[in-house]
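A short worksheet on the structure shown next.
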Amino acid sequence: MPVKVRNFSWLQTYDTYIFDLDGTLLNTLRDLAASCNYALRTAGMPERTVDEVRRFVGNGVKKLMERAIPGGLQNPKFDSTYQTFRKHYLVHSLDTTQPYPGIPEMLNRLSKNGKNVAVVSNKFYTATQELCRHFFPQVKVAIGERENIHKKPAPDTVLEALRQLKCTRSGAVYIGDSDVDIMTAKNCKMPCISVLWGFRNREFLLTHGASHLVESPEEIF
């Protein structure tokens, strides 16, 4: 039975922390929804609610748009609408996006304690880099979606982050807010911490195999 861990002193045994970005470190939902609806509106398609977009995110922005566009990939306007989303989001990704409360302090604490920290996202590479540079100067390695490399839940991007950090999976933990993150950690043979402030709720995470849940960034050190 999944266990909710209140006392996270055992995390001090970890040397490396690999974080998901959207829904884990940053609340990006409204900017994602705004760019999604701009693209849909431009293409003459029905817009989506913020709650719908919340359910659509987690597998990268192409999958977000596949779920948002009527007919998905089979829609003849899919490619142009997806490109409209990308262009709009690159300009507007900082309009309302902010770190969740306590996240900067938590990252500062990890950095001060000499921990290795990286971000691995299914967001496209340029946006991942820009957001991390803007909000999280403590993060030296930020990996986004790239061509010719399998995105999460495949282990490729996490293993690339570990390579850039010059670390191994031994002593590393993965932290995220979704079922994709749980699967990613499993595929990387790493422990996973699931956060409860993100895009998925407790019931969803437990149903999808979460074993350790945290309610606030203060529990991670």
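Just so you know, these numbers use all the heavy atoms, side chains as well, and skip hydrogens, waters and symmetry mates.
Residues T168 and L162 fail the side-chain proximity criterion, which asks for heavy atoms closer than 4.5 Å. With a 4.5 Å cut-off on side-chain heavy atoms, L25 and L131 do not count as touching. Considering only heavy atoms from C-beta on, C192 stays 4.5 Å or farther from S211 through its side chain. At least one side-chain heavy atom of L21 sits less than 4.5 Å from a side-chain heavy atom of K123. Looking only at side-chain heavy atoms (C-beta outward), I193 and Y14 stay at 4.5 Å or farther from each other. With a 4.5 Å cut-off on side-chain heavy atoms, L206 and L213 count as touching. Side-chain contact check for R202 versus L205: every heavy-atom pair is 4.5 Å or farther apart. A heavy-atom distance below 4.5 Å is found between the side chains of Y82 and M65.
Between the side chain of K115 and the backbone N or O of R109 there is no donor-acceptor pair closer than 3.5 Å. D156 contributes no side-chain N or O that, together with a main-chain N or O of I149, makes up a donor-acceptor pair within less than 3.5 Å. Counting only distance, with no hydrogens or angles, the side chain of R30 and the backbone of T96 share no donor-acceptor pair below 3.5 Å. Under the 3.5 Å distance criterion, the side-chain polar atoms of S121 are left unmatched by any main-chain donor or acceptor of D20. Of the possible polar contacts, one joining the R200 side chain to the R54 backbone as a donor-acceptor pair under 3.5 Å is found. Using a distance-only test at 3.5 Å, with no hydrogens or angles considered, a donor-acceptor pair links the side chain of K77 to the main chain of A43. Put simply, the side chain of W197 gets close to the backbone of T24: a donor and an acceptor are under 3.5 Å apart. For the pair E52 (side chain) and T49 (backbone), a donor-acceptor distance under 3.5 Å is present. Not a single donor-acceptor pair under 3.5 Å links the side chain of D15 to the backbone N or O of G171. H88 places no side-chain N or O within 3.5 Å of a backbone atom of T84 that could act as its donor or acceptor partner.
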Going through the checks in order, is the side-chain contact (heavy atoms from CB on, under 4.5 Å) test met by V141 and Q164?
CA-CA 7 Å; V141 174; Q164 291 190 26; 3.7 Å; yes
Is there a side-chain contact (heavy atoms from CB on, under 4.5 Å) between L32 and V61? Walk through the geometry before answering.
CA-CA 9 Å; L32 287 169; V61 292; 4.3 Å; yes
Before giving the answer on side-chain contact (heavy atoms from CB on, under 4.5 Å), spell out for N37 and R48 the whole-Å C-alpha distance, their side-chain angles and the decisive distance to 0.1 Å.
CA-CA 6 Å; N37 282 328; R48 298 291 192 166; 3.9 Å; yes
For a side-chain contact (heavy atoms from CB on, under 4.5 Å) check, start with the C-alpha distance between Y17 and V139, then their side-chain angles and the critical distance, and finish with the verdict.
CA-CA 10 Å; Y17 295 75; V139 174; over 6 Å; no
So Y174 and K152, side-chain hydrogen bond (donor to acceptor under 3.5 Å, both in side chains) or not? Walk me through it.
CA-CA 12 Å; Y174 185 89; K152 300 183 297 182; 2.9 Å; yes
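A salt bridge does not link E130 to R133: none of the charged side-chain nitrogens sits closer than 4.0 Å to a carboxylate oxygen. Salt bridge annotation for E47-R41: present, with a cationic side-chain nitrogen under 4.0 angstrom from a carboxylate oxygen.
Put simply, L159 and V119 are part of two different groups of oily side chains (I, L, V, M, F, W, Y) that touch within less than 4.5 Å, one to the next.
Because its NZ or CZ atom is not both nearer than 6.0 Å to the ring centre of F56 and within 45° of the ring axis, R67 does not count as a cation-pi partner of that residue. Cation-pi geometry between R86 and F124 is met: under 6.0 angstrom from the ring centre, within 45 degrees of the axis.
One finds the OG1 atom of T128 at 11.0 Å from the CZ atom of R146 (value rounded to the nearest 0.5 Å). Atom OG in S178 sits 7.0 Å away from atom CG in N59 (nearest 0.5 Å). Taking OG1 of T81 as the start and CG of L40 as the end, the distance is 7.0 Å to the nearest 0.5 Å. Between D31 atom CG and Q98 atom CD the span is 9.5 Å, to the nearest 0.5 Å. Interatomic distance, CD1 of I69 versus SG of C36, reported as 7.5 Å (0.5 Å rounding). Rounded to the nearest 0.5 Å, atoms OG1 (T184) and CG (D179) are 9.0 Å apart.
Within a 6.0 Å radius of OH in Y38, other residues, nucleotides and ligands contribute 12 heavy atoms or fewer.
In summary, of the residues considered (D181, V173, L110, V195), a side chain to side chain contact (heavy atoms under 4.5 Å, CB included) with F19 occurs for L110 alone.
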